[in-house]
Amino acid sequence: MLVALACTMVGRAFDAFAHPSLAYVPFVVALFVLPAWYASGRLRGPWERHRWQLLGVQAVLTVVPFLLFGHHWVAGVSGLFAGLVLVLIPGRIAWPLYGALAVLEVVLWSAVGLPYEPRIASVTWLLVAFVNQSLVLFGLSRLADIVDNLDANRYALARAEVARQRLAATRHLQETVQHRLRRIGELLHAALGADSATSRRALVSDAGKVAREAGADARRLGLDLPDGAPASSSADLNAPVPPRLARGITIGVLVVYAAQYLVNVCVPFGSYRTGPATFLGAGIVAVVVVGLQLRHSGGEPDVRPPGWPWTLAALGVLSVAFYRSAGASSLLFLTFVAASGLLLIRHWSRWVLFAAVVVALPVLRLVDPSSETQSLAWSAYATAISTATSLLVYGLARLTRAADELHRTQIGLAEAARETERLRLARDAHDMLGLGLSTIALKTDLAAALLEQDPDRSHQETVQALHLTRLVDTDVEAVSGDRVSLTLATEAATARASLAAAAIQTEIEVEPAGPEADVFAPVLREAVTNVLRHSRASRCTIRLSQGGGAATLVVSNDGVTALAGGEPGRGLVNMSERLHAVRGNLNTRIDGNEFTLTAVVPCDGVRRDEQVAVLQR
């Protein structure tokens, strides 16, 4: 895009017509400063904050040269202001304003004097220069921005699909699992307070039945989530905009050049005269050339249309069809040959073809004895403008294909993300919820079976099942998140309720417990589970303190049994290994019937989010 702008600046600086002096050149350069700044994509902040002021500056720079130079001003440079209007103002306002600016362009030139005769040819050329200049800036800068945004947000659709799967999982778990967990808790809590063994057995058995139903629903999570195409369609992410925009701009460029071509071939000038056959032939050539160029510009990335060498050759032949009769002015379509060559040829020779085409017009004009414009300045002008036009058509096609390819990448990433997330959700639901619910069901069966033989053991199994119910209820939220995310506040509340249900006097001091304390949440969960499973405690104390550059969690109880004197359980071993990974440590101590667990984590050792991630994995 910047090369195309540079070429048009060179072309406008040389210009197609002779000037009394070079005083106009600084104004041409000044008019390109703001558009080049915007097109570079750098330091866009002032454009967002002061776009109206900057547009005002460009408007003044656009009008003043008409007052200073009159009909010796340069055609087409006003299109830079129109291009900025299109990129900075919303489309509903910008496009009507753009049409008004095109009309104003003709009015201004009519007021100061048209650059040449006949009038229709001059007006057409002025509009072509205006449209070409504005579309170079608008079309390429807008598409470049869209491609940059698609590239920067290539994972947006994947993230949206992951979020959709998680939302669906949350709804499924809330509807099918979470309300059953609450029902299980109610049944087990009622069983602990039941007066008769018959009522207790019925309540515990009902809780086991509900637990099995909830487990079956949890395991069906991967099957019950919505399937099919991602909910976020291409329209949601403006994916159709680049192709539609580029196609519209490309058609616009081709149409205005076709109009200029028809004027150059069909409008009489000097000794050149035309007839009905010329009108018909030129019209057919224009239509076919536009169709061929659209065929070359469209299609899939890296896929060339069938028979492209023949259509490229046909485009070249048609571009010179009226050269013998109308002269060099009929060679406008050669710029499309250069653009098509860049798009279709996969060899360095395409640049040779490009160079040959863009210099063909000035060379043929120089050797044409009937031409009135044979200066080197005009040749530089024609070469620069031909290069800019060729790059415009080529750039529109390439940017459109890049946008298409990026959007397909987004769709592919979204599909892969959806399947990966479905598998993760199904796995976590099975591991975290299905296993927990199955354990609850087994413990309720055991509690019911031991109700008469060993009432104390039956009571303990019921308490453990109730505690597991609360833990699994907490895990429901974690399953539909990006990872297990336990909080110390939640675990402390769960511990208080579960220990109270087991008739264990509890003292908890973990306030204030901010996010940095969550590193201890899985440690507290494991410690409380062990108290309920392996002790006969009547009292339990939980304290969190900080000092000496470290945070310390201490969990103690007075229920040491004969089984507690052996090797530590696997859960504590696993937790000790995880604490070591974050430069922490876990210690256990038995003093008579007192069991104390101490977990220490340095405050400055590892970032808290990293500590939590390691401990909770």
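Basis for what follows: all heavy atoms, side chains included, without hydrogens, waters or symmetry-related copies. Residues take their numbers from the sequence shown, with the count starting at 1.
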What orientation do Y98 and F130 show, parallel under 30°, tilted 30 to 60°, or perpendicular over 60°?
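The arrangement is tilted - the two ring planes meet at 30° to 60°.
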
Kindly compute the distance separating [atom1] ([X]) from [atom2] ([Y]), expressed to the nearest 0.5 Å.
X: L312; Y: R295; atom1: CG; atom2: CZ; answer: 11.5 Å
X: H71; Y: Y116; atom1: NE2; atom2: OH; answer: 14.5 Å
X: L391; Y: L396; atom1: CG; atom2: CG; answer: 10.5 Å
X: T124; Y: I120; atom1: OG1; atom2: CD1; answer: 5.0 Å
X: L318; Y: I284; atom1: CG; atom2: CD1; answer: 10.5 Å
X: S340; Y: F333; atom1: OG; atom2: CZ; answer: 12.0 Å

Hey, are the side chains of [X] and [Y] touching, using non-hydrogen atoms and a 4.5 Å cut-off?
X: L80; Y: V77; result: yes
X: L344; Y: P305; result: yes
X: N264; Y: F322; result: no
X: V131; Y: V253; result: no
X: S386; Y: L334; result: no
X: W125; Y: P115; result: yes
X: W47; Y: L34; result: yes
X: P276; Y: L280; result: no

Could you tell me whether a side-chain N or O of [X] sits under 3.5 Å from a main-chain N or O of [Y], the two making a donor and an acceptor?
X: Y24; Y: A13; value: yes
X: R51; Y: L88; value: yes
X: S390; Y: T335; value: yes
X: W37; Y: R42; value: yes
X: H72; Y: H19; value: no

Neighbour count >12 (heavy atoms, 6.0 Å) for atom CG, L294:
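Yes, CG of L294 has more than 12 neighbouring heavy atoms, counting only those of other groups under 6.0 Å.
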
I need the minimum non-hydrogen distance between [X] and [Y], along with the two atoms involved.
X: A36; Y: L2; result: O-CD2, 4.1 Å
X: L5; Y: P35; result: CD1-O, 4.2 Å
X: L55; Y: L84; result: CD2-CB, 3.7 Å
X: G341; Y: L353; result: CA-CD2, 4.0 Å
X: V87; Y: S141; result: CG1-OG, 3.5 Å
X: V28; Y: F32; result: O-CD1, 3.1 Å

With sequence neighbours left out, what residues match W351 under ring pair (Phe, Tyr, Trp, His ring centres under 6.0 Å)?
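Expected list: F354.
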
Starting from the C-alpha separation in whole Å, work towards a yes-or-no answer on side chain to side chain contact (heavy atoms under 4.5 Å, CB included) for N132 and T389.
CA-CA 7 Å; N132 182 51; T389 304; 3.6 Å; yes

Tell me every residue that passes salt bridge (charged side-chain N to carboxylate O under 4.0 Å, His left out) with R119, counting only those two or more places apart in sequence or in another chain.
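Scan of R119 (salt bridge (charged side-chain N to carboxylate O under 4.0 Å, His left out), adjacent residues dropped) gives none.
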
R12/L31 under side chain to side chain contact (heavy atoms under 4.5 Å, CB included): CA gap, chis, key distance, verdict:
CA-CA 11 Å; R12 303 308 176 192; L31 277 163; over 6 Å; no

Between F69 and F27, does the ring centroid distance fall short of 6.0 Å?
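Aromatic pair counts; centres sit under 6.0 Å.
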
Check against side chain to side chain contact (heavy atoms under 4.5 Å, CB included), V265 and T278:
CA-CA 8 Å; V265 173; T278 302; 3.7 Å; yes

Audit row: F66, S78, side chain to side chain contact (heavy atoms under 4.5 Å, CB included) steps and yes/no:
CA-CA 10 Å; F66 282 97; S78 307; 3.6 Å; yes

